[in-house]
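In this text, all values refer to a predicted model and were calculated from it rather than measured experimentally. All chains are named by letter (A, B, ...) in the order of the sequence lines, taking the proteins before the strands, and each is independently numbered beginning at 1.
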Amino acid sequence: MVSVIKAPRGTRDLLPGEIEKWHYVEKVARNVSEIYGYQEIRTPIFEHTELFQRGIGDTTDVVQKEMYTFEDRGDRSITLRPEGTAGVVRAYLENHLNNKPQPVKVYYLGPMFRYDRPQAGRMRQFHQLGIEAFGSHDPALDTEVISYTYDFLQRLGLLDLRVLVNSVGCPECRALYSKALKDFMKMFQDALCENCRDRLDRNPLRILDCKEQSCQELLDGAPGIHAYLCKGCREHLQQVLGYLELTAIPFEVAEHLVRGLDYYTQTVFEILPAGNDQDSLAGGGRYSNLVEICGGPAIPGMGVALGLERVLLALESQGVELPLEKRESIYIATAGEDPSGNLHREAVRLLLELRRCDYPAEKDLLGRSLKSQMKQAGRIGASYVIILGTDELERGTVLLRNMKKGEQFEISRERLLEYLKAIVQTREAGMWKASEN
RNA sequence: GUGGGUGUAGCUCAGCAGGCUAGAGCAUCAGGUUGUGGCCCUGAGGGUCGUGGGUUCAAGUCCCAUCACCCACCCCA
């Protein structure tokens with residue numbers, strides 16, 4: 001026997017039973033996006049490698065060691081998207097969306113790929129919900145994006161969220177601060193962890209993020225970025241915070257928050273589940289130069305990405321019960337000897353009829369006994385079973401069994417659909433949904 | 001990429017310090033009612049003990065490697 005091929009490392013299947021949660025989360029995502037005025041955009045899952053190198057930044061870990069890059073048959077270097085923003089920016093420019101009324105506000109939902117070492121909440125193929133808004137410098141936009149993110153998480157039922165906000169300044173003032181921080185840290189070089197000594201030259205701001213106790217202690221005495229922000233950046237931050245106050249979203253100004261992607265300017269933020277400093281649920285910020293870096297005009301953008309696996313994990317660890325709709329259907333069972341096949345043919349005809357009337361309906365496909373058919377009907381959550389037996393066939397009737405009540409009665413074929421219709425109409429909003437009855 | 005832990009039926013696990021045909025519960029299928037589910041009873045199928053080497057008279061049980069998963073680090077969603 002040949003061996004069974006397994007899914008590649010860091011990937012997994014979403015099976016019936018779990019996928020319903022994803023559908024629900026996606027439904028809320030689309031809902032909130034609409035409420036905030038964002039429209040869906042779908043961009044390719046792979047792009048030219050150069051897009052990410054330029055967009056995300058060559059020095060970032062994502063680009064340096066986490067990309068799924070390969071040559072296609074035309075010798076092009078292709079990369080499976082590790083995040084969503086770069087592709088959206090590309091699409092914005094390529095489709096001349098800058099000629100549309102601004103701001104252009106889009107959301108995306110889909111898989112991303114990073115060659116990481118998998119662990120809980122970190123997959124090689126993972127899924128993000130993200131939004132991007134182009135063409136506005138308004139601090140209220142920054143707040144809107146933060147609010148969107150918070151709102152989405154809250155609507156799902158997540159509590160105890162930490163919202164961290166900071167500004168990393170513009171290229172000008174960040175450069176000043178970066179130098180100041182570097183100069184300061186140089187004095188204590190020996191006390192820094194190995195990693196941070198590397199960061200000193202590559203990207204001093206990252207030291208702020210270090211979780212090493214020793215580095216954190218040094219940081220207490222180090223200059224903070226806020227003192228170095230230029231007038232524009234300082235005011236921008238103040239206004240963002242001011243608007244945030246209005247939203248009543250609890251937030252913390254985290255002067256040490258810097259993000260891993262190079263394109264961020266000014267506002268950056270992160271949302272974490274309580275009691276978990278490691279796996280942030282969402283991260284985002286403003287990017288004033290990314291569009292230019294990608295070859296377009298100087299148009300600012302602001303966005304966020306949420307990790308859906310992590311959102312699902314947080315929901316689980318907080319014990320949130322999602323209001324999933326139960327699957328419900330009508331099951332057609334046949335009973336009795338059927339040497340001529342008439343019974344079976346009639347069942348198939350009835351099945352078709354029900355489905356054409358939009359009733360979710362199923363029948364046995366395994367030639368099972370009536371008992372087994374009943375069992376199956378119960379398992380799949382059928383609310384009604386139509387039992388079609390040889391006797392009923394002769395009389396032109398069926399037995400209609402209410403599975404929840406365990407009651408059944410005989411009804412003529414002609415009146416059956418009428419009767420079912422009446423049941424549906426009795427139900428709330430006329431929807432074919434699980435409820436009492 | 002670094003360090004650590006784990007790996008026995010579809011699922012959750014048991015298997016004592018290596019020793020006979022590897023077990024349980026749940027799930028699946030069938031039967032108990034030749035036309036009726038959710039409870040109960042009976043039975044059946046299903047495992048080359050992650051994979052490959054090695055030690056031993058003998059390995060699920062010890063050793064090595066490898067793969068996968070989990071945890072921590074790095075980083076990020």
Side-chain angles (χ1 to χ4, degrees), chain A residues 1 3-12 15 17 56 59-66 81-85 110-130 149 153 193-196 198-199 203 206 209-212 258-261 270-273 276-284 303-314 331 333-338 343 364 366-393 398-408 410:
Chain A
M1 205 184 288
S3 61
V4 175
I5 297 170
K6 293 190 284 188
R9 183 165 203 203
T11 68
R12 67 192 195 108
L15 304 176
I56 301 171
T59 62
T60 60
D61 276 32
V62 171
V63 170
Q64 281 189 340
K65 53 180 206 188
E66 292 175 0
R81 62 183 189 190
E83 55 98 55
T85 305
M112 305 293 162
F113 305 84
R114 286 185 204 173
Y115 193 91
D116 244 1
R117 188 127 177 213
Q119 60 186 66
R122 178 187 297 168
M123 297 272 115
R124 287 184 175 181
Q125 175 175 340
F126 60 104
H127 299 79
Q128 287 188 335
L129 160 67
T149 311
L153 296 171
C193 71
E194 203 177 324
N195 241 304
C196 285
D198 282 348
R199 288 170 172 151
N203 194 343
R206 289 288 184 71
D209 244 358
C210 188
K211 285 164 191 109
E212 286 289 330
V258 290
R259 304 203 26 84
L261 309 176
E270 213 165 274
I271 296 189
L272 307 153
N276 186 340
D277 291 345
Q278 172 151 355
D279 296 329
S280 64
L281 298 173
V304 64
L306 291 103
L308 296 185
E309 277 81 0
R310 290 182 180 183
V311 169
L312 265 325
L313 281 174
Y331 193 90
T334 54
E337 299 297 317
D338 184 29
L343 196 56
D364 170 61
L366 296 174
R368 296 204 235 219
S369 66
L370 177 59
K371 178 183 174 129
S372 292
Q373 293 181 68
M374 293 305 293
K375 208 168 169 183
Q376 177 68 5
R379 246 189 313 228
I380 67 171
S383 42
Y384 287 90
V385 173
I386 292 169
I387 301 167
L388 184 59
T390 42
D391 302 346
E392 287 79 10
L393 184 62
V398 297
L399 291 177
L400 183 62
R401 182 177 179 83
N402 181 322
M403 293 296 274
K404 276 166 200 151
K405 290 184 178 168
E407 294 166 359
Q408 65 188 41
E410 195 164 352

With heavy atoms under 4.0 Å as the rule, sort Gln408(A) into base, sugar-phosphate or nothing. base
Is there side-chain contact between Lys65(A) and Arg114(A), with heavy atoms separated by less than 4.5 Å? no
How close or far is atom C1' of U36(B) from atom CD of Glu392(A), stated in whole angstroms? 11 Å
Taking donor-acceptor contacts at under 3.5 Å, does the side chain of Arg379(A) reach the base of G38(B)? no
N or O in side chain of Arg9(A) less than 4.0 angstrom from C69(B) OP1/OP2: yes
For a quick test of reading the model, state the closest non-hydrogen atom pair linking Arg124(A) to Tyr115(A) and the distance between them. NH1-CE1, 3.4 Å
Under 4.0 Å between a side-chain N or O of Ser372(A) and OP1 or OP2 of A30(B)? yes
How do Ile271(A) and Met403(A) order along RNA chain B: which one's closest nucleotide is nearer the 5' end? Met403(A)
Starting from P on A30(B), measure out to NZ on Lys375(A) and report it in whole angstrom. 7 Å
Taking CG from Asp116(A) and C1' from C71(B), how many angstroms apart are they, rounded to a whole number? 15 Å
Whole-Å distance separating the CD atom of Gln376(A) from the P atom of A27(B): 15 Å
Establish whether the base of G38(B) is bridged to the side chain of Lys404(A) by a donor-acceptor pair shorter than 3.5 Å. no
Lys404(A) side, atom NZ; Tyr384(A) side, atom OH - distance, nearest 0.5 Å: 8.0 Å
When rounded to whole Å, the CD to P distance for the pair Gln373(A) and G31(B) reads 12 Å
Nearest-angstrom distance from the residue atom CZ of Arg117(A) to P of G4(B): 11 Å
Using the C1' atom in both, what is the distance from C13(B) to C49(B), to the nearest Å? 13 Å
Please tell me if Gln119(A) has a side-chain N or O lying less than 4.0 Å from either OP1 or OP2 of A72(B). yes
Any residue in residues 120-130 of chain A with a heavy atom nearer than 4.0 angstrom to RNA chain B? Just list them by number, or reply none. Ala120(A), Gly121(A), Arg122(A), Met123(A), Phe126(A), Gln128(A)
Consecutive Watson-Crick or G-U pairs in runs of at least 3, all under 3.5 Å, in which RNA chain B is involved: B:1-7 with B:67-73, B:10-13 with B:23-26, B:28-32 with B:40-44, B:50-54 with B:62-66
Distance between C1' atoms of C39(B) and C20(B) (Å, rounded): 40 Å
Rounded distance (Å) that lies between atom C1' of C76(B) and atom CD of Glu309(A): 13 Å
When the P atoms of G54(B) and C70(B) are compared, how many Å lie between them, rounded to an integer? 32 Å
Does Leu343(A) offer a backbone N or O that forms a donor-acceptor pair with the side chain of Asp338(A) under 3.5 Å? yes
Which whole-number value in Å describes the distance from Lys371(A) NZ to G38(B) P? 7 Å
Considering only heavy atoms from C-beta outward, does the side chain of Ile387(A) approach that of Gln408(A) to under 4.5 Å? yes
